[in-house]
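Heavy-atom basis, side chains included; hydrogens, waters and symmetry copies ignored. These figures come from a predicted structure and were not determined experimentally.
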Amino acid sequence: MMDTQESELSYKETIRYARHIILREIGGPGQQKLKAARILVIGAGGLCAPVLSYLAAAGIGTIGIVDNDIVSLSNLQRQIIHDTQNIGIAKTDSAEQAIERINPHVKVEKYMLRLSESNAENILNFYDIIVDGSDNFTTRYLLADMAEKLKKPLVSGAIGRFNGSITVLKPYENDNPSYRDIFPVSPPEGAIPTCTEAGVVAALPGVIGSLQAMEIIKLITGIGDPLIGRILFYDGLSAHFKVIHYKKHR
């Protein structure tokens, strides 16, 4: 976290975040916590487009973005942080440009690489909360294991076709369950089709990504009841939400 002096709000920031500040649950101290926070977002695609947009708008002080891909035409149906003129450039650069337009007070730290066992610890260690918007199980398990090791909260989301899910993981405290308590082993490669193979409706990442941003704001400010030990499922076709509790395996 930044020190108190660095998290003080300027006059313009006070105006920008006025609708937060008048919320008694957040107020000025909560907004300062948001400004002091360092959040690492894994992926700059469908799920993380709304995550990045709302975190920037909310006044997160520093956002790290990990993504090794470039913007392509087929991304634009759902990855709303990118636009047509940025086709062919790095998604980290495109996302940084969008964040600058949304809120120039936010600092962006870019990692145009694929997260791996050799670099994950060094990157995650410098952030307060980790956001999983990845599209493969190798990265999801790596993130879950590394975040647990480093004692970092992990806000994990997943989408496919018309369905999505989200949970918050803090297995290092209060005997909370881990990602492997929900999914003990990774499914065989190819068993679950990717969005590229199965498709995904345009608005779905907006639903789940916005929920992820909400959970992050709750964790930073210490308000509400985060989705720890609970996984929220959303069925877009039936407009149905369902929450399932899960526990640590003994």
Just wondering, more than 12 heavy atoms not from Met112 lying within 6.0 Å of its CE? yes

Are Tyr54 and Ile81 connected, step by step, through hydrophobic side chains (Ile, Leu, Val, Met, Phe, Trp, Tyr) whose heavy atoms are closer than 4.5 Å? no

Nearest heavy-atom contact between Glu148 and Ser178 is OE1-CB, 3.9 Å

In Å and rounded to the nearest 0.5 Å, what is the CD1 to CD1 distance from Ile87 to Ile70? 10.0 Å

Approximate separation, where rounding is to 0.5 Å, of Tyr17 OH and Leu9 CG: 7.5 Å

Strictly below 4.0 Å, N to O, side chains only: are Glu109 and Arg38 in salt-bridge contact? yes

Residues at least two apart in sequence or cross-chain that pass side chain to side chain donor-acceptor pair (under 3.5 Å) with Asn176, listed by chain then number, are none

Validation row: Ile102, Ser53 side chains within 4.5 angstrom (heavy atoms): yes

Does Glu173 have any side chain to side chain donor-acceptor pair (under 3.5 Å) partners at least two apart in sequence or in another chain, and if so, which? Lys170

Verify, without hydrogens or angle tests, whether Lys152 (side chain) and Asn125 (backbone) share a donor-acceptor contact under 3.5 angstrom. yes

Check Val41 against Cys48 and note the closest heavy-atom contact, atom names and distance. CG1-SG, 3.2 Å

Between Ser165 and Leu232 (side chain of the first, backbone of the second, donor and acceptor by atom type, cut-off under 3.5 Å), is there such a pair? no

Flag side-chain contact, heavy atom, 4.5 Å: Pro153 against Tyr172: yes

Is a donor on one side and an acceptor on the other found under 3.5 Å between the side chain of Gln79 and the backbone of Ser72? no

Restricting to pairs with a member in residues 92-104, which pass salt bridge (Lys or Arg N to Asp or Glu O under 4.0 Å), not counting sequence neighbours? Asp83-Arg101, Asp93-Lys110, Glu96-Lys110

Any donor and acceptor pair, going by atom type alone, linking the side chain of Asn119 with main-chain N or O of Ser116 inside 3.5 Å? yes

Can you find a heavy atom in the side chain of Val155 that is under 4.5 Å from one in the side chain of Val51? no

Apply side chain to side chain donor-acceptor pair (under 3.5 Å) to Thr84 and list each qualifying residue two or more places apart in sequence or on a separate chain. none

Under a 3.5 Å distance rule, please check whether Ser94 uses its side chain to pair with a backbone N or O of Ala90 as donor and acceptor. no

Result of checking Ile65, Val131, Leu47, Leu115 against Ile42 for side-chain contact (heavy atoms from CB on, under 4.5 Å): Leu115

Roughly how far, to the nearest 0.5 Å, is NZ of Lys248 from CG of Asp181? 5.5 Å

Provide the closest heavy-atom pair for Ile63 versus Ala56 in the form atom of the first, atom of the second, distance. CD1-N, 4.0 Å

Distance in Å, Ser156 OG paired with Ile130 CD1, rounded so as to fall on 0.5 Å steps: 12.0 Å

Counting distance only, does the side-chain N/O of Lys35 pair as donor-acceptor with the main-chain N or O of Glu8 below 3.5 Å? yes

Per-pair distances, 0.1 Å, donor-acceptor, side chain in residues 19-31, under 3.5 Å, sequence neighbours excluded:
unit_1 : atom_1 : unit_2 : atom_2 : d
His20  : ND1    : Gln31  : OE1    : 2.7
Gln31  : NE2    : Ala58  : O      : 2.8

Once you round to the nearest 0.5 Å, how far does CZ of Phe183 lie from OH of Tyr246? 8.5 Å

Residue pairs, two or more places apart or on separate chains, that pass salt bridge (Lys or Arg N to Asp or Glu O under 4.0 Å) and touch residues 131-141: none

Output a table of donor-acceptor pairs, distance under 3.5 Å, between side-chain atoms of residues 217-227 and any protein atom two or more places apart or on a different chain; print 'none' if there are none.
unit_1 : atom_1 : unit_2 : atom_2 : d
Lys218 : NZ     : Glu215 : OE2    : 2.8
Lys218 : NZ     : Asp225 : O      : 3.1
Thr221 : OG1    : Ile217 : O      : 2.7

Measure the shortest side-chain to side-chain distance between Ile166 and Met214 over non-hydrogen atoms and say whether it is less than 4.5 angstrom. no

If the condition is ring-ring contact (aromatic ring centres under 6.0 Å, His included), which residues does Phe233 pass it with, not counting sequence neighbours? none

Kindly indicate whether the side chain of Tyr234, heavy atoms from C-beta on, has any atom under 4.5 Å from the side chain of Leu204. yes

Nearest-0.5 Å distance that lies between atom CG in Leu52 and atom CD1 in Ile80: 10.5 Å

With Tyr141, which residues qualify under side chain to side chain donor-acceptor pair (under 3.5 Å), at least two apart? none

Show me the pairs that pass ring-ring contact (aromatic ring centres under 6.0 Å, His included) and involve residues 97-135, at least two apart or across chains. none

For residues 46-69, the salt bridge (Lys or Arg N to Asp or Glu O under 4.0 Å) pairs (sequence neighbours left out) are Asp69-Lys91

May I ask you to decide if Ile89's main-chain N or O and Asn86's side chain share a donor-acceptor pair within less than 3.5 Å? no

Quick one: salt bridge (Lys or Arg N to Asp or Glu O under 4.0 Å) pairs with a partner in residues 41-64, sequence neighbours left out? none

Quick one, Val207 and Ile159 - any side-chain contact, counting heavy atoms below 4.5 Å? no

